[in-house]
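Working notes, structure below.
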Amino acid sequence: MKRVAFITGATSGFGRTAARRFAEAGWSLVLCGRREERLKQLEEELVATTPVHCVALDVRDAEAVSQAVKALPEAFNRVNALINNAGLALAPEPAQRVALKDWHTMIDTNVTGLVNVTHALLPTLIETGQGASIINVGSIAGHWPYPGSHVYGASKAFVKQFSYNLRCDLLGTGVRVTDLAPGLAETEFTLVRTGGDQAASDALYHDTTPLSPADIAEQMLYIATLPAHININRLEVMPTRQAWSAFAIDRDG
Ligand SMILES: NC(=O)c1ccc[n+]([C@@H]2O[C@H](COP(=O)([O-])OP(=O)(O)OC[C@H]3O[C@@H](n4cnc5c(N)ncnc54)[C@H](OP(=O)(O)O)[C@@H]3O)[C@@H](O)[C@H]2O)c1
């Protein structure tokens, strides 16, 4: 029987490329995102390769998530890999200049949304048992501070700790959990973060070599297909051309 990957945020970036990569590797797919048109296009593209079930939903809506999981057709309801990828950053300005609603949106999506999907899928993942995986897409922002990261980085720190804590409770079930934490990667992420500023997005990725969605999709497939006795707790991946910087110091004058 084909293995099933449940991918959130499949309409763009890492999620969309992961859908293509998992299809190529012979997995069946459940694909989620809010933009229905993009889901339809992806389904049309992939359906000749593998069975695809698309669900247009907002991960912040716990009821919609729960209903979508309950309504999974039989061929898709034994999930082998949950890829909790839907997420976003907003407002790269300093914390003191950010609208409260932007902080709420990041918490609602990156924390509550990820928790909603995980809670709904835990029973099927536990039923699958040996070799099942939860791959939570965190970020280097969840491990390292930087200016303008405020609630985004904090939400990804939640993803890391939630992943570790899940490992403790799922011990003995065979279900693996990973915090996959990418660094700079070129997707629509920065366009979303800057409120649609294409020039700012282009400038960030200009004259360097960021990670590509394919780089991260490959890591997702690697984690999900490791022998069942191996659990990657955290996989932090940065482009070679990105590193940390010196501590900032406030000085007189
Ligand atoms: N790119 C980077 O540099 C980077 C680095 C580290 C971590 N990450 C993380 O990687 C993940 C994927 O981001 P990406 O870089 O691929 O960005 P992206 O191209 O903007 O894709 C984000 C995806 O998340 C979905 N999404 C956002 N809010 C949602 C909601 N409320 N309900 C359902 N789906 C939602 C979007 O779909 P819809 O808009 O159609 O709903 C889209 O498919 C995110 O968790 C992000 O924080 C990105």
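The basis for the numbers below is simple: all heavy atoms, side chains too, and nothing from hydrogens, waters or symmetry mates. Starting from 1, each residue takes its place in the sequence as its number. Atoms within a ligand are numbered from 1 in the order they appear, just like the ligands themselves.
- Under a 4.0 Å heavy-atom criterion, Asn85 is in contact with ligand 1.
- For Glu74, the CD atom counts as loosely surrounded, since its 6.0 Å shell holds 12 or fewer non-hydrogen atoms of other residues, nucleotides or ligands.
- Taking a 4.0 Å cut-off on heavy atoms, Glu186 fails to register as neighbouring ligand 1.
- Atoms of ligand 1 found under 4.0 Å from any heavy atom of Ser12 (numbered from 1 in listed order, with element): 18 (P), 19 (O), 21 (O), 42 (C), 43 (O).
- Considering backbone and side-chain N/O of Leu184, none are found under 3.5 Å from N/O of ligand 1.
- Distance from atom 22 (C) of ligand 1 to its nearest protein heavy atom, with residue and atom name: Gly87 O, 3.7 Å.
- Ligand 1 places these atoms under 4.0 Å from at least one heavy atom of Glu188: 19 (O), 20 (O).
- Residue pairs that meet the ring pair (Phe, Tyr, Trp, His ring centres under 6.0 Å) test with at least one member in residues 199-224, sequence neighbours left out, do not exist here.
- Interatomic distance, CD of Gln242 versus OG1 of Thr240, reported as 10.5 Å (0.5 Å rounding).
- Across all their heavy atoms, Phe14 and Pro182 have their closest contact at CE1-CG, 3.8 Å.
- In this structure, Gly138 counts as a contact residue of ligand 1, since one of its heavy atoms falls inside 4.0 Å of the ligand.
- Between Val192 and ligand 1, no N or O atom pair is found at a separation short of 3.5 Å.
- Taking all atoms of both residues into account, the shortest heavy-atom contact from Leu90 to Met106 is N-SD, 3.3 Å.
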Candidate pair Lys40 and Glu43, rule salt bridge (Lys or Arg N to Asp or Glu O under 4.0 Å), full reasoning: CA-CA 5 Å; Lys40 274 194 199 138; Glu43 181 173 6; over 6 Å; no
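- For atom 41 (O) of ligand 1, the closest non-hydrogen atom on the protein side is Arg34 NE, 2.6 Å.
- Using 4.0 Å as the threshold, Gly183 has a heavy atom nearer than that to some atom of ligand 1.
- Of the heavy atoms in Lys156, only side-chain atoms (C-beta onward) come closer than 4.0 Å to ligand 1.
- Residues Phe6 and Cys32 form a side-chain contact, since some pair of their non-hydrogen atoms from C-beta on lies under 4.5 Å apart.
- The aromatic rings of Trp103 and His150 lie tilted to each other, with the angle between the two planes from 30° to 60°.
- The protein non-hydrogen atom at the shortest distance from atom 42 (C) of ligand 1 is Thr11 OG1, 3.5 Å.
- Close N/O approach between Phe14 and ligand 1 is found [any backbone or side-chain N/O within under 3.5 Å].
- By the 30° and 60° cut-offs, the orientation of the rings of Phe22 relative to Trp27 is perpendicular.
- With a heavy-atom cut-off of 4.0 Å, Leu57 touches ligand 1 through its backbone alone.
- Annotation: Ala185 places an N or O atom under 3.5 Å from an N or O atom of ligand 1; distance criterion only.
- Taking distance alone, with nitrogen or oxygen atoms compared against 3.5 Å, Tyr152 approaches ligand 1 more closely than that limit.
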